Amino acid sequence: MSISLKRAPFVVIEGLDRSGKTTQTTRLYDRLKEAGVAVELIKFPDRTTAIGKMIDSYLRSTSELDDRAIHLLFSANRWELASTIEKHLNAGTAVICDRYAFSGIAFSASKITPTGEPALSFEWCLNPEKGLPAPDLVLFLDITPEIARKRGGYGQERYEKEEMQFRVRKLFQRIGGDVIAEKRDGKVNTTWEIVDAGRERDIVGAELWSLVQPLVNGVESQLARLWI
């Protein structure tokens, strides 16, 4: 199977920490390769770049950064690879992303001050992401923080705190609702699909494949830009 139409599809997998996102992203990547689809897997943050190494240190709580500074670093990390994503898609290579701008907004806008007020506004967090390549499909792996907490490795990184994950989930729901409404009104091309990630991994994987498979022969619309 090969992608022969205008350009290749751009698929993003999002979700709370320990939602099975990385496992499912890797499985989807492998399945596409087995189907003969040219595909690249990109994970955000990309911790191999100079910016990514600063982010990695912050996430592991070995360094401290201002909330605005770390948000802009996360955004810059995505912009580092924006042209690469576009080149892949135009060359006929599908791109699968493990996290993207939606995570950046949800996690940063979930931070609160000691008095419980938002540390950063939703609009401020969204602004640096405007103009990034827009995915054709976002697969949001939905899971409650209570279930995620029971999975191995939970709590090893800075954001893996249950109260934080509750706020993140609400913001993902807000973002997803906006994308769904804009798609319905014809304002965006991005499709947002909510997938119950609390189920057995093979069941989740089968649903993801059923949503991605219609795109593997290519996408005819031009690559759009986020929030433009």
Side-chain angles (χ1 to χ4, degrees), residues 1-15 19-44 46 75 77-106 126 128-142 172-197 204-228:
M1 187 182 299
S2 61
I3 295 175
S4 58
L5 297 181
K6 198 168 200 179
R7 66 170 176 84
F10 180 19
V11 178
V12 169
I13 298 185
E14 291 281 16
S19 61
K21 176 182 47 55
T22 298
T23 297
Q24 293 297 346
T25 303
T26 302
R27 287 166 64 122
L28 179 59
Y29 169 77
D30 291 341
R31 188 157 188 179
L32 285 166
K33 292 197 74 173
E34 289 168 3
V37 176
V39 59
E40 287 288 331
L41 172 59
I42 297 175
K43 298 183 179 184
F44 286 111
D46 179 349
S75 183
N77 193 232
R78 289 182 280 276
W79 278 106
E80 283 184 298
L81 291 177
S83 61
T84 299
I85 290 171
E86 188 168 359
K87 287 176 184 176
H88 281 317
L89 298 175
N90 290 331
T93 299
V95 174
I96 306 295
C97 267
D98 179 348
R99 292 207 185 283
Y100 196 49
F102 314 102
S103 276
I105 298 166
L126 183 145
E129 315 298 332
K130 290 181 177 179
L132 282 169
D136 301 294
L137 175 63
V138 179
L139 301 166
F140 176 61
L141 301 188
D142 193 25
F172 266 129
Q173 290 168 343
R174 173 180 174 177
I175 294 167
D178 288 347
V179 172
I180 291 169
E182 290 175 353
K183 172 80 170 183
R184 184 179 59 244
D185 295 340
K187 296 178 180 178
V188 299
N189 292 326
T190 300
T191 298
W192 184 285
E193 294 284 355
I194 301 170
V195 178
D196 179 1
V204 175
E207 181 172 348
L208 295 182
W209 179 245
S210 73
L211 294 166
V212 172
Q213 192 174 22
L215 302 179
V216 298
N217 288 323
V219 179
E220 296 202 46
S221 62
Q222 288 188 335
L223 183 65
R225 303 286 169 181
L226 284 177
W227 299 296
I228 296 291

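Worth knowing before you read on, the calculation uses all heavy atoms, side chains too, and leaves out hydrogens, waters and symmetry mates. Predicted model only: the values in this text are computed from it and were never measured.
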Does any part of the side chain of [Y], heavy atoms only, come nearer than 4.5 Å to the side chain of [X], both counted from C-beta?
X      : Y      : result
Phe140 : Ser19  : no
Leu141 : Leu208 : yes
Val212 : Leu28  : yes
Leu226 : Pro135 : yes
Leu211 : Leu139 : yes
Leu81  : Asp46  : yes
Val204 : Trp209 : no
Leu132 : Tyr100 : yes

Open item on the list: I'd like to know if Glu129 and Arg78 make a salt bridge, using a cut-off of under 4.0 Å between side-chain N and carboxylate O.
Closed with: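 Result for this pair is yes, salt bridge flagged.
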Task: Salt-bridge contact Arg225-Glu86 (side-chain N to carboxylate O under 4.0 Å) - done: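 Yes, this pair counts.
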TODO: Please state whether the rings of Phe172 and Trp192 are parallel, tilted or perpendicular, taking 30° and 60° as the class boundaries.
DONE: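 Correct class here is tilted.
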Please round to the nearest 0.5 Å and tell me the distance separating atom [atom1] of [X] and atom [atom2] of [Y].
X      : Y      : atom1 : atom2 : value
Ile96  : Ile42  : CD1   : CD1   : 10.0 Å
Gln222 : Asn189 : CD    : CG    : 10.0 Å
Glu34  : Tyr29  : CD    : OH    : 11.0 Å

- [ ] For the pair Asp136 and Arg7, evaluate salt bridge (charged side-chain N to carboxylate O under 4.0 Å, His left out) and give the outcome as yes or no after the intermediate values.
- [x] CA-CA 11 Å; Asp136 301 294; Arg7 66 170 176 84; 2.6 Å; yes
Open item on the list: Assess, by modelled atom type and distance only, whether the side chains of Glu40 and Thr93 contain a donor and an acceptor separated by less than 3.5 Å.
Closed with: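 Distance-only check fails for Glu40 and Thr93.
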TODO: Classify the side-chain pair Thr191/Lys183 by whether it contains a donor and acceptor separated by less than 3.5 Å.
DONE: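 Distance-only check passes for Thr191 and Lys183.
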- [ ] Could you walk me through whether Glu14 and Lys21 pass salt bridge (charged side-chain N to carboxylate O under 4.0 Å, His left out), step by step?
- [x] CA-CA 7 Å; Glu14 291 281 16; Lys21 176 182 47 55; over 6 Å; no
Task: Aromatic ring proximity, centroids under 6.0 angstrom, Phe44 and Phe102 - done: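 No, the ring of Phe102 stays outside the 6.0 Å limit from the ring of Phe44, centre to centre.
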